[in-house]
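First the structure, in the form of structure tokens, and then the observations on it.
Numbered from 1 within each chain, the chains take letters A, B, ... in sequence-line order. The analysis underlying the following values was restricted to heavy atoms, covering all of them including side chains, and did not include hydrogens, waters or symmetry mates.
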Amino acid sequence: AQSVAQPEDQVNVAEGNPLTVKCTYSVSGNPYLFWYVQYPNRGLQFLLKYITGDNLVKGSYGFEAEFNKSQTSFHLKKPSALVSDSALYFCAFYGGGATNKLIFGTGTLLAVQP
Amino acid sequence: DAGVIQSPRHEVTEMGQEVTLRCKPISGHNSLFWYRQTMMRGLELLIYFNNNVPIDDSGMPEDRFSAKMPNASFSTLKIQPSEPRDSAVYFCASSLGAGGGWPQHFGDGTRLSIL
């Protein structure tokens, strides 16, 4: 079955340090991949997407993600973390084919310490 | 711009009661999605509509759940009768297209507690 995996339940990083939130995918064909962020008591917010083209995708709030086909990964990165980046991050993909569903990973809690 | 609007934000009711959750999608969006989020099961897609027509309701847990979209600007998710295990945060999302690269825009959810 097609899926995305977020291997880390939680990532801890100090403010000012670079951050990486990992996502790997098992999707046939050309995957459409997304990152969303969820702040406490809020809905998910779209950060960025990869459909085709440049493997480095830039998104909102200074985030970027790199699509790596050989490693089947789509890790989310930011050069310098802020305390306000602390939130739950979801990787997702579109099922494609007969389905238009957006399939989400289990989420990674990012905690940025001041 | 107004985002996706959900009401109520919080609902507490007793087991067996009917619960109706409401959603107003972003104007111009033609796809609408209902999700449920719990600690145990994460984020689950319940049903989605395209141009007001239900396309896939395979995620609806059982017959106690029903969803309607009578027009492009309004949708409801109803639970009757409600049970404690239905307690969760329910999200509505809308998108400009039905699939592919169109991002979904989420409301802030309805936190439902069934006692």
With a 4.5 angstrom heavy-atom cut-off, is it the side chain or the backbone of [X] that approaches chain B, or both, or neither?
| X | answer |
| --- | --- |
| A:Tyr50 | neither |
| A:Gln38 | side chain |
| A:Ile51 | side chain |

Can you list the steps and then say if B:Leu43 with A:Leu44 is a side-chain contact (heavy atoms from CB on, under 4.5 Å)?
CA-CA 10 Å; B:Leu43 196 62; A:Leu44 280 69; 3.7 Å; yes
Part of [X] within contact of chain A (heavy atom distance under 4.5 Å):
| X | result |
| --- | --- |
| B:Ser58 | side chain |
| B:Gln37 | side chain |
| B:Arg41 | neither |

Could you state whether A:Tyr32 and B:Tyr48 fall into the same hydrophobic cluster, counting links through intermediate Ile, Leu, Val, Met, Phe, Trp or Tyr residues with side-chain heavy atoms under 4.5 angstrom apart?
yes
So, does [X] use its side chain to make a donor-acceptor pair with the main chain of [Y] at under 3.5 Å?
| X | Y | value |
| --- | --- | --- |
| B:Asp108 | A:Arg42 | no |
| A:Tyr94 | B:Trp102 | yes |
| A:Tyr36 | B:Gln104 | yes |

Are there over 12 heavy-atom neighbours, none belonging to B:Glu62, within less than 6.0 Å of that residue's CD?
yes
Around atom CG of B:Asp63, are there more than 12 heavy atoms of other residues, nucleotides or ligands at under 6.0 Å?
no
Quick check, are the ring centers of B:Phe106 and A:Phe46 under 6.0 angstrom apart?
no
Do A:Leu102 and B:Tyr35 come close enough that some side-chain heavy atom pair is under 4.5 Å?
yes
Closest non-hydrogen atom pair between B:Arg111 and A:Asn41, with its separation
NH2-OD1, 3.3 Å
